[in-house]
**Student:** 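Shown below is the structure under consideration.
Computed from heavy atoms alone, side chains included, the values below leave out hydrogens, waters and symmetry copies. Each chain gets a letter, A, B and so on, in the order its sequence line appears, and its residues count up from 1.
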Protein chains: 2
Amino acid sequence: MQNLLLDFILQYIHLDENEKNAIASLDIFHTIKKGHILLKQGEFSNQGYFVLKGCVRSFYIIEGEEKTTAFYTEMEGITPQCVIDNKPSEYYISCVEDSILLISTPDMEDEMFQKFPKFESLCRILSEKLVSKQQIDFDNFKISSPEERYLNLVDKRPDLIQRVPQHQIASFLGIKPQSLSRIKARIIEKNK
Amino acid sequence: MQNLLLDFILQYIHLDENEKNAIASLDIFHTIKKGHILLKQGEFSNQGYFVLKGCVRSFYIIEGEEKTTAFYTEMEGITPQCVIDNKPSEYYISCVEDSILLISTPDMEDEMFQKFPKFESLCRILSEKLVSKQQIDFDNFKISSPEERYLNLVDKRPDLIQRVPQHQIASFLGIKPQSLSRIKARIIEKNK
DNA sequence: TATTTTTCTTCACTTAAGTTAACGTTTAAT
DNA sequence: ATTAAACGTTAACTTAAGTGAAGAAAAATA
């Protein structure tokens, strides 16, 4: 697990032994069971998550219905809005599968930034990349129909279709489960 | 204009005279005319933009049709994906109004980060905030109907409704101009 | 000012998603 | 192993967005 993390970081910046050890010494690896809720709507939290293995989902509950808005899988991270703005969370975060997560707090991060400014560079670079990626994802969502969004998901994140229940996929695509079933049937019909 | 920028920055970090002068000495203020295209689809660029005054729009042209995906107004910045990934741009960026923009390049930023590490902290913090804000915007888009999205826009960015043509607003909301007209008529009908 | 172009709205019609309900299947719990 | 709950699909019906066309209003241009 340590190595997965180091390899990921080394794609972006170089680390000396000292810095590698600093990471290794952080006791931040956590094994979380499927279904466990990491963050609840209305709750305060100062935890950020980085997925080393497994899958994490964020969702709202609106009029009793779950609205899934994001999935985070291997080498993806989330810092919930409530951590950044210091206000109660508007959404839930839970584990879709048994997962290994890296859990951090702003205090820990600030400490690392103090000791190793390089880590702040890393976080800046990763954040900037993420801003740009998110914008593209949002753009593609806007300019696509539900059917196109589904086909795009099958193309870009085929693993998700397998590892996540369909009604969560539907919600993630901004439609109802019944519509997703219909879309899938329509696609099969077309390809005949 | 200098002061607008400094005041914005001072919300997040403290600057000494030296640092303030460093910013002032950057010759990065540009006056851009309405309609001017800053970035074209297919083009390479290394320019990032920060809006001091005015309004900038990003859009795709798909099958001859403009698809507006974002508006950037006072104190908002864009670093186009093509700058970050060093590949041709998938979208256009143009000025909706006469605007005053701050234009930067990665080289300039890296130089500033070298001289004043504090600026890198600032950029990290701003990027992290932006990631979180973007995620919330995307979430709200997904969990809302077109009508709700429109009402939300009227509530959250009423200025946009005024300063931007309706067909661009429609596209931004993920619908056709005709549908936006209908939605507006429906809302008026309801409130009678 | 006159003229062209862009923008916005309305309408009739088509298409696709939402809704409600039912049913078989898979998964989890006892 | 049995039961209950959650999940996925199908169907009939409703609602709302897309489409194509036309015309009025506003803005840009000559």
**Student:** Could you tabulate the donor-acceptor pairs under 3.5 Å formed by side-chain atoms of residues 170-179 of chain A, not counting sequence neighbours?
**Tutor:**
from	atom 1	to	atom 2	distance (Å)
Ser171(A)	OG	Thr68(A)	N	2.6
Lys176(A)	NZ	Glu65(A)	OE2	3.3
Ser179(A)	OG	Arg182(A)	NH2	3.4

**Student:** Quick one, give me the B/S/- string for nucleotides 25-30 of chain D, reading 5' to 3', where B means a protein heavy atom under 4.0 Å from the base and S means that only happens at the primed atoms, P, OP1 or OP2.
**Tutor:** ---S--
**Student:** Is there any side chain to side chain donor-acceptor pair (under 3.5 Å) pair reaching into residues 122-134 of chain B, and which pairs are they, with sequence neighbours excluded?
**Tutor:** Glu120(A)-Arg124(B), Arg124(B)-Glu128(B), Lys133(B)-Asp137(B)
**Student:** Could you work out, with ring-ring contact (aromatic ring centres under 6.0 Å, His included) as the rule, every residue matching Phe59(A), not counting sequence neighbours?
**Tutor:** Tyr92(A)
**Student:** Under a single-linkage rule joining Ile, Leu, Val, Met, Phe, Trp and Tyr whose side-chain heavy atoms are separated by less than 4.5 Å, which residues share a cluster with Ile136(A)?
**Tutor:** Ile143(A), Ile32(B), Leu38(B), Leu39(B), Tyr49(B), Val51(B), Val56(B), Tyr60(B), Ile62(B), Tyr72(B), Ile78(B), Tyr91(B), Ile93(B), Leu101(B), Ile103(B)
**Student:** Test side-chain contact (heavy atoms from CB on, under 4.5 Å) on Ile161(B) and Leu153(B); report intermediate values, then the result.
**Tutor:** CA-CA 8 Å; Ile161(B) 310 281; Leu153(B) 188 69; 3.8 Å; yes
**Student:** Is the shortest side-chain heavy-atom distance between Phe8(A) and Leu52(A) below 4.5 Å?
**Tutor:** no
**Student:** Just by distance, do the side chain of Ser99(A) and the backbone of Cys55(A) share a donor-acceptor pair under 3.5 Å?
**Tutor:**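 Yes, Ser99(A) side chain to Cys55(A) backbone: donor-acceptor pair under 3.5 Å.
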**Student:** Report the residues that fulfil side-chain hydrogen bond (donor to acceptor under 3.5 Å, both in side chains) with Glu74(B), sequence neighbours left out, ordered by chain and then residue number.
**Tutor:**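 Once residues adjacent in sequence are excluded, the partners of Glu74(B) under the side-chain hydrogen bond (donor to acceptor under 3.5 Å, both in side chains) criterion are Arg163(B).
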**Student:** Does Arg182(B) make a side-chain donor-acceptor contact with the base of dG18(D), cut-off 3.5 Å?
**Tutor:**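 Indeed there is one.
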**Student:** Applying side chain to side chain donor-acceptor pair (under 3.5 Å) as the test, list every pair that has at least one member in residues 140-154 of chain A; sequence neighbours left out.
**Tutor:**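 Found Ser145(A)-Glu148(A), Glu147(A)-Arg186(A), Glu147(A)-Lys190(A), Asn152(A)-Lys156(A).
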**Student:** Do any N or O atoms from the side chain of Gln47(B) and from the backbone of Thr105(B) form a donor-acceptor pair under 3.5 angstrom?
**Tutor:** no
**Student:** To 10°, what angle do the rotation axes through the five end pairs on each side of the helix from dT1(C)-dA30(D) to dT30(C)-dA1(D) form?
**Tutor:**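 End-to-end axis angle: 60°.
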**Student:** Any chance you could measure Ser104(A), atom OG, to Met112(A), atom CE, to the nearest 0.5 Å?
**Tutor:**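 Here the interatomic distance stands at 10.5 Å.
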**Student:** Can you list the other members of the hydrophobic cluster that holds Phe44(B), where links are side-chain heavy atoms under 4.5 angstrom apart?
**Tutor:**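 Grouped by the 4.5 Å side-chain rule, Phe44(B) forms a cluster of one, so the answer is none.
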**Student:** Test: side chain to side chain donor-acceptor pair (under 3.5 Å). Region: residues 3-17 of chain B. Which pairs qualify, not counting sequence neighbours?
**Tutor:**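 Matches after skipping sequence neighbours: none remain.
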**Student:** Could you give the CD1-to-P distance, from Ile188(A) to dG8(D), as a whole number of Å?
**Tutor:**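 Rounding to the nearest Å, CD1 of Ile188(A) and P of dG8(D) are 15 Å apart.
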**Student:** Among residues 159-181 of chain A, which residues get a heavy atom nearer than 4.0 Å to DNA chain D?
**Tutor:**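 Within this stretch, Pro165(A), Gln166(A), His167(A), Gln178(A), Ser181(A) sit under 4.0 Å of the strand.
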**Student:** Under 4.0 Å from any heavy atom of chain B: name the first and the last nucleotide of DNA chain C that qualifies, 5' to 3'.
**Tutor:** dT7(C) to dT10(C)
